[in-house]
Amino acid sequence: MTAATATSIVFEPARRVRAIGVSEILRITDHANALKRAGRPVIVLGAGEPDFDTPQNVRDAAVQAIGRGDTRYTVLDGSPAMKAAVQLKFRRDNALDFALDEISVSAGAKQVIFNALMASLDPGDEVILPAPYWTSYADIVQICGGVPVPVAGTEANGFRLDAAQLEAAITPRTRWLFLNSPSNPSGAAYSADQLKPLCEVLLRHPQVWVLADDIYEHILYDGLAFATPAAAEPRLRERTLTVNGVSKAYAMTGWRVGYGAGPRALIAAMAVVQSQTTSCPSSVSQAAAIEALTGPQDIVAERCADFQARRDFVVAALNRAPGLRCRVPEGAFYTFASCAGVLGRHTRGGMLLRSDSDFCRYLLQDFEVAVVPGSVFGLAPYFRISYATSMAQLREACERIQAACEALE
Ligand SMILES: Cc1ncc(COP(=O)(O)O)c(C=O)c1O
């Protein structure tokens, strides 16, 4: 043994990272994939990405960009052509008008959110997160020195935040309210009328900014009209960052393009953050995203119809399983079902189910279906299914979940 290997040097992560665990979703998915590699027929319903391919016209646009030599750094927070495509999208879909310097383009909506919080949070600033919420929100808030303030939604209220809850959660330290509609993980969406009472509260608290995460905008069912705060209440526009991206609507998760639009001063501060991290989003991916946003849009509605058929199937199947209860989500590609009715019961192997995590562990170990416990998203006892997978897989998975519930003693 050499001197170098004899000394044990322990790496100590920085305090800002220590507070954050490895994503529970990744941990469950890794475990499920390890079981699969060991030959077990596990069905993984954890993925947060469409199972469709990126549309052909979008892929062609990327190939053409490479051929043209669009292979250099672009303007740091998005090429002028990309920003123009985003501008067009906001006018066409949301009746929102933004100048090009009110638009920021990043490597995914996640980076837009990260830039916004890095650019705006001082230590101890609070961010209100209606629960259940996308896990990354809480982690990003903490990395940026802020304090996540979860506010639990109820099934009775469709997992939507209500005005009284919002009023009670606001303090002088509140910097942001996050609104994600349709939501990951609950699928809940706000209509313009449902946003109004929240906007009324916000108008009384000018220190609170709004981050509207609209990434699932185009996966909205039953003909519901999409609503976003900056359009529903124009007086909030001067303190709203509207975030969106191409990952979900155009099945482009791997291309890493997201964008945000909001007040010029915020956008400029976000550009400072981006200038010292990724410099700019990929030039080729921007060319693809321009085609996605400005090219034919029919495929978006077609895929949404496919997702709706899967939603209907999964919700009906879950509601047939003893002990489970699932409300009908308005959008996104997730169900968020209650498993309260199976807690306190025993598996045939003698395990007592005490929590949603126990139930999910049981589903994976004994029935080979991987789903994510609600506690990961700040609300228990629930579990999330991503139905962005084939009907054949969903049918098999739902049969196994039903059998798992029937097997409880
Ligand atoms: C609610 C929500 N916002 C943002 C994102 C990030 O999307 P992107 O791929 O654009 O970074 C996700 C991805 O899962 C999400 O679920």
Side-chain angles (χ1 to χ4, degrees), residues 23-26 28-29 44-52 54 58 77-78 82 86 89 103-118 127 129-141 148 150 153 159-161 176-190 210-220 226 228 241-261 270 274 277-278 281-282 285-286 288-289 292-293 307 329-336 372 374 376-379 384-389:
S23 152
E24 178 75 4
I25 303 179
L26 287 185
I28 293 167
T29 311
V44 184
L45 302 180
E49 60 182 345
D51 54 325
F52 300 116
T54 302
V58 174
D77 59 353
M82 177 66 205
V86 171
K89 176 262 173 282
I103 292 170
S104 182
V105 185
S106 300
K110 188 184 254 178
Q111 194 188 13
V112 177
I113 297 167
F114 183 88
N115 289 349
L117 294 187
M118 200 65 173
V127 179
L129 303 178
Y133 53 78
W134 184 41
T135 335
S136 292
Y137 293 154
D139 291 338
I140 297 172
V141 168
F159 297 116
R160 281 178 283 264
L161 180 68
W176 289 94
L177 163 68
F178 274 38
L179 285 175
N180 172 216
S181 169
S183 149
N184 173 11
S186 73
Y190 293 81
V210 183
L211 191 146
D213 182 346
D214 293 354
I215 194 99
Y216 294 99
E217 168 180 12
H218 292 297
I219 308 173
L220 186 62
F226 178 74
T228 192
L241 180 68
T242 305
V243 178
N244 210 321
V246 293
S247 286
K248 317 288 176 174
Y250 305 95
M252 292 177 67
T253 45
W255 298 79
R256 308 311 301 129
V257 178
Y259 50 88
M270 289 164 61
Q274 184 149 301
T277 52
T278 50
S282 143
S285 295
Q286 287 185 71
L293 293 177
F307 279 132
E330 289 85 14
F333 38 68
Y334 309 102
T335 58
F336 197 67
V372 185
V376 167
F377 308 99
L379 199 71
R384 186 192 80 171
I385 283 180
S386 163
Y387 52 84
T389 190

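Because only heavy atoms are used, hydrogens play no part in the values below, and waters and symmetry mates are left out as well, while side chains stay in. Order of appearance sets the numbers: ligands from 1, and atoms from 1 within every ligand.
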Fill in: Minimum-distance protein heavy atom relative to atom 2 (C) of ligand 1
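For atom 2 (C) of ligand 1, the nearest protein heavy atom is Asp213 OD2, 3.4 Å.
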Fill in: atom 5 (C) of ligand 1 [closest protein heavy-atom partner, distance rounded to 0.1 Å]
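Atom 5 (C) of ligand 1 sits closest to the protein heavy atom Trp134 CH2, 3.3 Å.
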Practice prompt. Answer with side chain, backbone, both or neither: which part of Tyr137 has a heavy atom less than 4.0 angstrom from an atom of ligand 1?
Written response: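 The part of Tyr137 near ligand 1 is the side chain, not the backbone.
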Fill in: For ligand 1, the portion of Arg256 having any non-hydrogen atom under 4.0 Å away
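It is the side chain that touches ligand 1; the backbone stays farther off.
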Discussion item. Could you check whether any side-chain heavy atom of Asn244 comes within less than 4.5 Å of a side-chain heavy atom of Lys89, counting everything from C-beta outward?
Written reply: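 Yes, close enough: below the 4.5 Å cut-off.
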Discussion item. Measuring only between side-chain heavy atoms, which start at C-beta, is Phe307 closer than 4.5 Å to Asp51?
Written reply: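 Yes; the side chains approach each other to less than 4.5 Å.
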Worksheet item: Would you say ligand 1 has an N or O under 3.5 Å from any N or O of Asn184?
Response: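 By distance alone, the answer is yes.
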Item to complete: State whether the shortest distance between N or O atoms of Tyr216 and N or O atoms of ligand 1 falls below 3.5 angstrom.
Response: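 Yes - when backbone and side-chain N and O of Tyr216 are compared with those of ligand 1, one distance drops under 3.5 Å.
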Worksheet entry | Test side chain to side chain contact (heavy atoms under 4.5 Å, CB included) applied to Val86 and Leu293, step by step | CA-CA 7 Å; Val86 171; Leu293 293 177; 4.0 Å; yes
Worksheet item: Asn180 near ligand 1, heavy-atom distance under 4.0 Å?
Response: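 True for this residue.
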Item to complete: Taking Gln286 for its side chain and Met82 for its backbone only, find out whether a donor-acceptor pair lies under 3.5 Å.
Response: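 Judged by distance alone, no pair lies under 3.5 Å.
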Worksheet entry | Arg160 side chain to Gly153 backbone, donor-acceptor under 3.5 Å |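 No, the answer is negative, given that no donor and acceptor are paired below the 3.5 Å cut-off.
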Practice prompt. Answer with yes or no whether the side chains of Gln274 and Asp77 bring together a donor and an acceptor at under 3.5 Å.
Written response: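 Side chains of Asp77 and Gln274: no pair found under 3.5 Å.
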Worksheet item: Among Lys248, Glu49, Lys110, whose heavy atom sits nearest atom 13 (C) of ligand 1?
Response: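 Result: the heavy atom closest to atom 13 (C) of ligand 1 is in Lys248.
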Worksheet entry | Nearest option to atom 10 (O) of ligand 1, as decided by whichever heavy atom of Gly258, Ala109, Ala47 sits closest |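 It is Ala109 whose heavy atom sits nearest to atom 10 (O) of ligand 1.
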